[in-house]
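As the structure lists them, so they are numbered: ligands from 1, and atoms in each ligand from 1. Nothing fancy with the numbering, it's 1 onward along the sequence. Any value given below was found using the heavy atoms of this structure, including those in side chains, with hydrogens, waters and symmetry copies removed.
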Amino acid sequence: MSTREIIILPDHRLKLVSAPVPEISRDVRKLVEDMFDTMYEAPGIGLAAIQIAVPTRVVTVDISRENEPRNPLAFINPRITWASEEMSCYQEGCLSIPEYYEEVERPARVRVSYRDLDFVEREIECDGLLATCIQHEIDHLNGVLFIDHLSKLKRDRVTKKFIKQARHREQGH
Ligand code: GNR
Ligand code: NI
């Protein structure tokens, strides 16, 4: 088991556009394994590789509840191929913006094409929390955070708070 450090706002690497995975290698398998370890330890229901400072298009998700068996899902090079016109609103959080939660409106249903751990092309259609989570993770791959969907006022307010916290940590508080 190896967990890796999750980078947090205002780390500028969170704005990077991640690069596609060209093929499955030992490094990619190890990355996915470490992402699951890190995600379950956090705990979170999703993780994008850039959150552990790896700018690669890999996402892990598990929306199972605590009293249910684990359902680890890995998405390599995921992309949204269809989104419903119907929207839905969820209270979102992000491991890279700890302890901040806000409602975000996104398409209620999406179809996502991706490659699995054998690099086989697959497609899923999802709704509910899974649809929200996958969209949140694909945003990360494009350098987009859920606060980018909020008003500039709210975004600036939370960003300033995290800049201030980072400054305090640097000073050893
Ligand atoms: O753990 C997480 N919970 C969550 C809740 C609502 C919408 C999206 C998420 S993803 C988040 C983990 C994370 O930061 N993934 O990038
Ligand atoms: Ni996130």
Review point. Are there more than 12 heavy atoms of other residues, nucleotides or ligands under 6.0 Å from atom CD of Glu85?
Key: no
Exercise for review: State, yes or no, whether a side-chain contact exists between Ile134 and Val59 at a heavy-atom distance under 4.5 Å.
Suggested key: no
Review point. Should the pair Arg79-Glu137 be classified as a salt bridge under the 4.0 Å nitrogen-to-oxygen rule?
Key: no
**Study point:** Closest non-hydrogen atom pair, Ile76 against Phe119
**Key:** CG2-CE1, 4.2 Å
Check your understanding: Given side chains that start at C-beta, do those of Pro72 and Tyr40 come closer than 4.5 Å, heavy atoms only?
Key -> yes
Review point. Around ligand 1, what residues show up once you keep those with a heavy atom under 4.0 Å from it?
Key: Gly44, Ile45, Gly46, Gln51, Gln91, Glu92, Gly93, Cys94, Leu95, Thr132, His136, Glu137, His140
Study note, to complete from the structure: Closest non-hydrogen contact found for Ala48 with His140 is CB-CB, 3.4 Å
Study note, to complete from the structure: Protein-side N, O or S atoms sitting under 2.8 Å from the Ni ion (ligand 2) are Cys94 SG, His136 NE2, His140 NE2
Review point. What pairs with Tyr114 under ring pair (Phe, Tyr, Trp, His ring centres under 6.0 Å), at least two apart in sequence or on another chain?
Key: Phe75
Revision key, fill the gap. Sorted by chain and number, sequence neighbours left out, side chain to side chain donor-acceptor pair (under 3.5 Å) with Tyr101 holds for none
**Study point:** Whether over 12 other heavy atoms sit under 6.0 Å from Lys160 NZ
**Key:** no
